Every structure is written in structure tokens, then in C-alpha cells.
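Below: the structure, in C-alpha cells.
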Amino acid sequence: MPELMLEAPLRRARPKRPVPVPARPVVDRAFCAAIARRTVRSLYAELTLYPKPGLVSLVDNGSHDDMTAATFMRSLFALRHYFRDITRAGMEDAPFTTLKRLGIAAEARMLAATGGINTHRGAVFCLGLLCAAIGSCRARGTPLTAASVRATLLLRWAEGLAAHTQVTSGDSHGLRAAQRYAASGAREEAALGLPSVFEVALPALRRTLAAGRGTRRARIDALFALMGHISDTNLYHRGGEEGALTVQRHARAFVDAGGTGADGWEARALACHHAFVAARLSPGGAADLLAAACLVQDVCPGD
Ligand SMILES: CC(C)(COP(=O)(O)OP(=O)(O)OC[C@H]1O[C@@H](n2cnc3c(N)ncnc32)[C@H](O[C@H]2O[C@H](COP(=O)(O)OP(=O)(O)OP(=O)(O)O)[C@@H](O)[C@H]2O)[C@@H]1O)[C@@H](O)C(=O)NCCC(=O)NCCS
Ligand SMILES: Nc1ncnc2[nH]cnc12
């Protein structure tokens, strides 16, 4: 795919007389489409990464018996317009209620495409928010850096995101994990401006890239850093507190041993995969946040 000039200035016809300031920011459709492509590409990068403990990849279905890589591909295809539309909503300075409405409609399309299987609910939420923040930066002429994307997310939608953490009605796995184990999950992660993406996964990704170990190992290191750090409600749902602690212990041991910089890393990652599959554990929240970090790295590679 040819690289898009993300920083290319907007082209405007030279006005013959003073033009009134537009009431709404100018929407750059090509930019929205490019961000949507990059978002889908980040999710595809997560899907194809291997070994990825307990998770679905092109090699096997990990801890899942109800979904395969093909289920994820159908989901990705169904979500491509959503990422374009939510980038555009961010450019148009839309309120949180609009982002939420787009997210709920996208979830419905995902479920229709997968026959009711939740492949990307966390991704619809987290990567959707990132797309909106990227769109908002672009509309305001703010340079696209990881820091500016995070700051925009917090400045623009903090109130709505905070209110979203107060929702207690409903019967999602995440809400049940929050009530039973005080697990924080996707809502709190977003309300804090995705700290696991910007402070954990992205630095891990960049450290491995800077050490010259390449993209695949960088993504593996970022995934293990996330698994060792986050409160993943999918793990609480499947394995209770013991399951969540097991994943953290394995992930931290991998990181402490030097991650992909240490000899034998691949065998250790594979052993971890087999242990999670045996226990039916699947760190789906970490997988979504890895894709989010890949998106930020792709859109803001230089800061
Ligand atoms: C805010 C919502 C995302 C709802 O969140 P809630 O916490 O109420 O619950 P869930 O329905 O459980 O969905 C949360 C998904 O978020 C992922 N996740 C988990 N922990 C974290 C974390 N710490 N940080 C970030 N993200 C996290 C996780 O997604 C992955 O796991 C999925 C599989 O989950 P699940 O269905 O529970 O499990 P299975 O093992 O498949 O179950 P069974 O086989 O037993 O049936 C996988 O798909 C990954 O995506 C959680 O699933 C949200 O729903 C919401 O408000 N949506 C509407 C608004 C919106 O999207 N707006 C967009 C912009 S504002
Ligand atoms: N590759 C994957 N396997 C299982 N659950 C996931 N959620 C997001 N990506 C996933």
C-alpha cells in the first residue's frame, strides 16, 4: 500500500474575495479513508502475529472453539467503514454520544458478520476512540504525535468517557468482572486516555524496534508487556482471579527474562501459549490494545 502523506497540507482553491470562516472544520475524506485502512491493517497485524498466548492466529485458534482467523477477517471487513466514519466524526468535533452511537452500530455489524461472536468489541471501542482523536488532531492542524493524540482524546471526550465508567446496568462480561473482582477493564482504560497503549505497549514496541529486532518481535514484546500489566476482563470472565494472575505471572516472567532479546524467547512464548490454551485463557483485551499501539506507531512513527 503506498504511504499516504498524512501531513500534506489541505489543498484549497485561491479565494477571489474573503471567504467566511466555515462553521464546521473541513473534512478530508481521503485522510479518513487512509486512517480506516491503517486501523484495519493494525488489527490484521495483531491477528497474524504468532505465537500469541491463548489467542486466535492464522496458525491455530488458541483457547477458542467458536472462532477462527476467518471469523476475525469477516469482522474486520464489516468494520472498515466504521473506522472511516468515526475518524470523520472526530474531525467534525462530534460529541461523545455520536461516537458511542457509531460504536454501537459497528458492534451490531460485527456481530452480524460473525454470527453473534464477539471478535472485536474492545477494538471497536479503543481503536474507534483513537481514530476520532486522530481526526480531531488533523482538523485542528495539530501535528500527529502519540502525545497529541492522547491529549486530544482526554481534552475532547474526557467527560463522556468518565460518565461511561459509571454505567452499572447491563450484563456484559466486563461489567460482571468489575462487580465481582473490581477489575477495571476497557471503560477505565479509555477514561484514563489509554495508559496501557501509550505508557506500556508503545514504549515496549519502540524499545525493540530501536534495538533492531524488527516488527514481529516488537509486537510480541508489546503484547507480553500488556499481558503483564492490564486488568483484562476477558481473563476474569474465563478464569476468575486465578486466571488473571496466571497470565500476569507468565507474562512478567517472559519480560523479566529479557523478552524477545533473550535466547530461547520463541520456545518460552510457545510454552506460554500452550499453558493458556490448556487453561482456556484468552487475553483478548491485551490483543485489542496491541492493535491500538500498532495503529499509533503507524500513524505517529517519529515522536
Ligand atoms: C465499553 C464497551 C467496550 C463495553 O465494555 P464492558 O466492559 O461492559 O464489556 P465487554 O462487553 O466484556 O467488552 C469489553 C471488551 O474490551 C476488551 N477488554 C477487556 N479488558 C480490557 C482492558 N483492560 N482494556 C481494554 N480493553 C479490554 C475485551 O475485548 C476483547 O475480548 C473479546 C472477547 O470478549 P468476551 O466476549 O467477553 O469473551 P469470550 O471469551 O469470547 O466469551 P465466551 O466465549 O465465554 O462467550 C474480544 O472480542 C476482544 O475484543 C472485552 O470484550 C462497549 O461495549 C461499549 O460501550 N460499546 C459501545 C460504544 C463504543 O464502542 N463506542 C466507540 C467509541 S466511544
Ligand atoms: N486474536 C485474537 N484472539 C482472540 N481474541 C481476540 N480479541 C482480539 N483479538 C483476538
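Treat the numbers as computed from the prediction; the structure is a model and nothing was measured. Atoms within each ligand, like the ligands themselves, are counted from 1 in listed order.
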query: Mind checking whether His120 and Phe72 have ring centres under 6.0 Å apart?
result: yes

field: Validation row, ring centre His164 to ring centre Phe125 under 6.0 Å
entry: yes

- request: Using the test salt bridge (charged side-chain N to carboxylate O under 4.0 Å, His left out), find all partners of Arg84 that sit at least two apart in sequence or belong to another chain.
  value: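 With sequence neighbours excluded, Arg84 shows a salt bridge (charged side-chain N to carboxylate O under 4.0 Å, His left out) to no residue whatsoever.
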
message: Which residues pass the side chain to side chain contact (heavy atoms under 4.5 Å, CB included) test with Arg217, not counting sequence neighbours?
response: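 With sequence neighbours excluded, Arg217 shows a side chain to side chain contact (heavy atoms under 4.5 Å, CB included) to Thr208, Arg213, Thr260, Trp265, given in chain and number order.
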
Do side-chain atoms of [X] reach the backbone of [Y] as a donor and acceptor pair under 3.5 angstrom?
X	Y	result
Arg238	Leu281	no
Ser75	Thr71	no
Tyr82	Val124	yes
Ser282	Ser63	no

Just the distances, no angles: every ligand 1 N or O to protein N or O pair closer than 3.5 Å, one line each.
{"residue": "ligand 1", "atom": "8 (O)", "partner": "Ser172", "partner atom": "OG", "Å": "2.6"}
{"residue": "ligand 1", "atom": "8 (O)", "partner": "Arg187", "partner atom": "NE", "Å": "3.3"}
{"residue": "ligand 1", "atom": "8 (O)", "partner": "Arg187", "partner atom": "NH2", "Å": "2.7"}
{"residue": "ligand 1", "atom": "9 (O)", "partner": "Ser172", "partner atom": "OG", "Å": "3.2"}
{"residue": "ligand 1", "atom": "11 (O)", "partner": "Arg121", "partner atom": "NH1", "Å": "3.2"}
{"residue": "ligand 1", "atom": "12 (O)", "partner": "Gly174", "partner atom": "N", "Å": "2.9"}
{"residue": "ligand 1", "atom": "20 (N)", "partner": "Thr233", "partner atom": "N", "Å": "3.1"}
{"residue": "ligand 1", "atom": "20 (N)", "partner": "Thr233", "partner atom": "OG1", "Å": "3.4"}
{"residue": "ligand 1", "atom": "23 (N)", "partner": "Ser231", "partner atom": "O", "Å": "2.8"}
{"residue": "ligand 1", "atom": "29 (O)", "partner": "Asp288", "partner atom": "OD2", "Å": "3.0"}
{"residue": "ligand 1", "atom": "34 (O)", "partner": "Asn118", "partner atom": "ND2", "Å": "3.3"}
{"residue": "ligand 1", "atom": "34 (O)", "partner": "Asn234", "partner atom": "ND2", "Å": "3.1"}
{"residue": "ligand 1", "atom": "36 (O)", "partner": "Asn118", "partner atom": "ND2", "Å": "2.8"}
{"residue": "ligand 1", "atom": "37 (O)", "partner": "His173", "partner atom": "ND1", "Å": "2.5"}
{"residue": "ligand 1", "atom": "37 (O)", "partner": "Asn234", "partner atom": "ND2", "Å": "3.3"}
{"residue": "ligand 1", "atom": "38 (O)", "partner": "Asn234", "partner atom": "ND2", "Å": "2.7"}
{"residue": "ligand 1", "atom": "40 (O)", "partner": "Asn234", "partner atom": "ND2", "Å": "3.2"}
{"residue": "ligand 1", "atom": "40 (O)", "partner": "Arg238", "partner atom": "NE", "Å": "2.6"}
{"residue": "ligand 1", "atom": "40 (O)", "partner": "Arg238", "partner atom": "NH2", "Å": "3.2"}
{"residue": "ligand 1", "atom": "42 (O)", "partner": "His237", "partner atom": "NE2", "Å": "3.4"}
{"residue": "ligand 1", "atom": "44 (O)", "partner": "Arg238", "partner atom": "NH2", "Å": "3.3"}
{"residue": "ligand 1", "atom": "45 (O)", "partner": "His237", "partner atom": "NE2", "Å": "2.7"}
{"residue": "ligand 1", "atom": "48 (O)", "partner": "Asn118", "partner atom": "O", "Å": "2.8"}
{"residue": "ligand 1", "atom": "48 (O)", "partner": "Asn118", "partner atom": "OD1", "Å": "3.0"}
{"residue": "ligand 1", "atom": "48 (O)", "partner": "Thr119", "partner atom": "O", "Å": "2.7"}
{"residue": "ligand 1", "atom": "48 (O)", "partner": "His120", "partner atom": "N", "Å": "3.4"}
{"residue": "ligand 1", "atom": "50 (O)", "partner": "Thr119", "partner atom": "O", "Å": "3.4"}
{"residue": "ligand 1", "atom": "50 (O)", "partner": "Arg121", "partner atom": "N", "Å": "3.4"}
{"residue": "ligand 1", "atom": "50 (O)", "partner": "Gly122", "partner atom": "N", "Å": "3.2"}
{"residue": "ligand 1", "atom": "50 (O)", "partner": "Asp288", "partner atom": "OD1", "Å": "3.4"}
{"residue": "ligand 1", "atom": "50 (O)", "partner": "Asp288", "partner atom": "OD2", "Å": "2.6"}
{"residue": "ligand 1", "atom": "54 (O)", "partner": "Glu107", "partner atom": "OE2", "Å": "2.8"}
{"residue": "ligand 1", "atom": "56 (O)", "partner": "His164", "partner atom": "NE2", "Å": "2.7"}
{"residue": "ligand 1", "atom": "57 (N)", "partner": "Glu107", "partner atom": "OE2", "Å": "2.9"}

Under 4.0 Å from ligand 2, counting heavy atoms only: the protein residues, by chain and number: Glu46, Lys52, Leu55, Val56, His64, Phe72, Thr119, Ser282, Gly284, Ala287, Asp288

message: Ignoring hydrogens and geometry beyond distance, is a side-chain donor-acceptor pair present between His273 and Asp60 at under 3.5 Å?
response: yes

